[in-house]
Amino acid sequence: MRFYESGKIPRQSNMYFIYGDGGTGKTSLFKQFPGKKLLISFDMSTNPLVGDDSIDVAILDESEKPRIQSVLNEFLIRAISSGRYQSICLDNVSALQNYVLENIDGQSKDGRQNYQKLQLWFRDLGSYLRNVNINVYVTAHSIDKGADVVNGRYEADMNVKTFNALTSMFDVVGRIYLQDGQRMIDLDPEQGNHAKNRIDGRKLIKADELLQQ
């Protein structure tokens, strides 16, 4: 256990997890993050970033999918330790989760144990990102459970326990959606959706105000 005297607590990363339907602007939202940026794409949806010289992009190769866990871990360590980036994005962890689970399934036929391994890997990923001291932005697809669900209609397209294991480290979790041509982000946990904001008290914001406090 590490002990820090008051006034000497180390700075941790500001961490944002935004999920939503395709076309709501999850990827392009990364443009508003400060400094030189790195986006790691797991679904190759990089067109919204074309022409932005502040963003480097890494795209997963097909040959890397069977060892995605080690590939990603090693790449993150190299990229972050380079000191080149102020902000990093994992674009679409819904896809990343599927790749990781497929690899774990190939190692064992025990479904329950496989999901436990999946949750542990994502928890370790979140713990690592929490302490890299740069901005972290993560996206995922959204699940709509139907209009008849009054409370908690929307959630990220991930195994729920895996989602909880990862986002327990995050400061902001929200759903991005379009309303009257405006991109909005719901940060209100009282709506029952996957949401939280422990940076400030805002519950509903315009997407371009995500980093404003």
Side-chain angles (χ1 to χ4, degrees), residues 13-35 37-52 54-55 57-59 86-98 122 125-126 129-130 134-147 149-160 162-213:
S13 308
N14 288 329
M15 303 182 71
Y16 303 82
F17 185 107
I18 301 297
Y19 65 97
D21 293 335
T24 51
K26 298 184 297 296
T27 302
S28 61
L29 201 60
F30 190 47
K31 292 181 179 181
Q32 68 179 268
F33 281 72
K37 297 175 277 291
L38 171 65
L39 179 137
I40 304 173
S41 175
F42 301 105
D43 64 0
M44 296 183 289
S45 60
T46 59
N47 281 345
L49 306 178
V50 171
D52 192 322
S54 72
I55 302 178
V57 174
I59 299 176
Q86 290 180 252
S87 304
I88 192 166
C89 172
L90 304 184
D91 194 26
N92 195 355
V93 292
S94 298
L96 174 61
Q97 173 195 252
N98 293 337
F122 271 92
L125 175 63
L129 293 173
R130 187 65 185 168
I134 61 176
N135 297 295
V136 175
Y137 176 58
V138 173
T139 73
H141 285 316
S142 176
I143 293 175
D144 182 349
K145 293 182 289 185
V149 178
V150 178
N151 195 39
R153 173 176 174 177
Y154 301 98
E155 62 185 38
D157 186 5
M158 296 181 70
N159 168 265
V160 173
T162 302
F163 167 85
N164 290 335
L166 175 63
T167 59
S168 63
M169 314 290 175
F170 280 66
D171 303 296
V172 170
V173 176
R175 182 180 75 93
I176 187 171
Y177 62 96
L178 297 174
Q179 180 177 334
D180 301 324
Q182 176 71 56
R183 293 189 305 165
M184 306 296 295
I185 299 179
D186 173 23
L187 303 174
D188 187 359
E190 293 186 5
Q191 297 298 319
N193 303 317
H194 286 167
K196 67 178 176 181
N197 180 5
R198 60 188 187 195
I199 292 180
D200 55 52
R202 297 176 301 162
K203 302 299 184 184
L204 180 66
I205 62 172
K206 295 180 180 178
D208 59 7
E209 298 174 348
L210 176 62
L211 300 187
Q212 299 178 16
Q213 298 179 26

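All values below come from the heavy atoms of this structure, side chains included, with hydrogens, waters and symmetry mates left out. Numbers for residues simply follow the sequence, beginning at 1.
Between T162 and M158, the shortest heavy-atom distance links the atoms CG2-CE, 3.9 Å. Summarising the geometry of D200 relative to N197, their closest heavy-atom pair is OD1-ND2, 2.6 Å, with the distance given to 0.1 Å. Among all heavy-atom pairs drawn from A207 and Q32, the shortest one is O-NE2, 3.1 Å. Minimum interatomic distance between A156 and A140 (heavy atoms only, all atoms of both residues): CB-CB, 4.4 Å. Taking every heavy atom of both residues into account, L187 and V173 meet most closely at CD2-O, 3.6 Å.
Ring geometry for Y19 against H194 counts as perpendicular: the plane angle is over 60°, on a 0 to 90° scale with 30° as the lower cut.
Ionic pairing of D171 and R198 is present here: one or more N-O contacts between side-chain nitrogen and carboxylate oxygen are shorter than 4.0 angstrom. Using a 4.0 Å cut-off between charged side-chain N and carboxylate O, R183 and D208 make no salt bridge.
At least one donor-acceptor pair under 3.5 Å links the side chain of R202 to the backbone N or O of E209. Side-chain atoms of S94 come within 3.5 Å of backbone atoms of D157 as a donor-acceptor pair (strictly under, hydrogens ignored). Using modelled atom types, one side-chain atom of T167 and one backbone atom of F163 make a donor-acceptor pair closer than 3.5 Å. In this structure a side-chain-to-backbone donor-acceptor pair under 3.5 Å is missing from K26 to V138. Of the possible donor and acceptor atoms, one in the side chain of N193 sits under 3.5 Å from a partner among the backbone N and O of R153.
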Apply the test side-chain contact (heavy atoms from CB on, under 4.5 Å) to residues L90 and L125: give CA-CA distance (whole Å), side-chain angles for both, the deciding distance (0.1 Å), then the verdict. CA-CA 11 Å; L90 304 184; L125 175 63; 4.0 Å; yes
Let's go through I185 and I18 carefully: what are the C-alpha distance in whole Å and the side-chain angles of both, what is the deciding distance for side-chain contact (heavy atoms from CB on, under 4.5 Å) to 0.1 Å, and is it a yes or a no? CA-CA 8 Å; I185 299 179; I18 301 297; 4.0 Å; yes
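Taking a 6.0 Å sphere around CD of E190, one finds it holds 12 or fewer heavy atoms contributed by other residues, nucleotides or ligands. K145 NZ: more than 12 foreign heavy atoms inside a 6.0 Å radius.
Here the two rings, on Y16 and F170, have centers that are 6.0 Å apart or farther.
Looking at S41 and D91, their side chains never bring a donor and an acceptor atom within 3.5 Å of each other. Residues N92 and T139 have side chains that never bring a donor and an acceptor to within less than 3.5 angstrom of each other.
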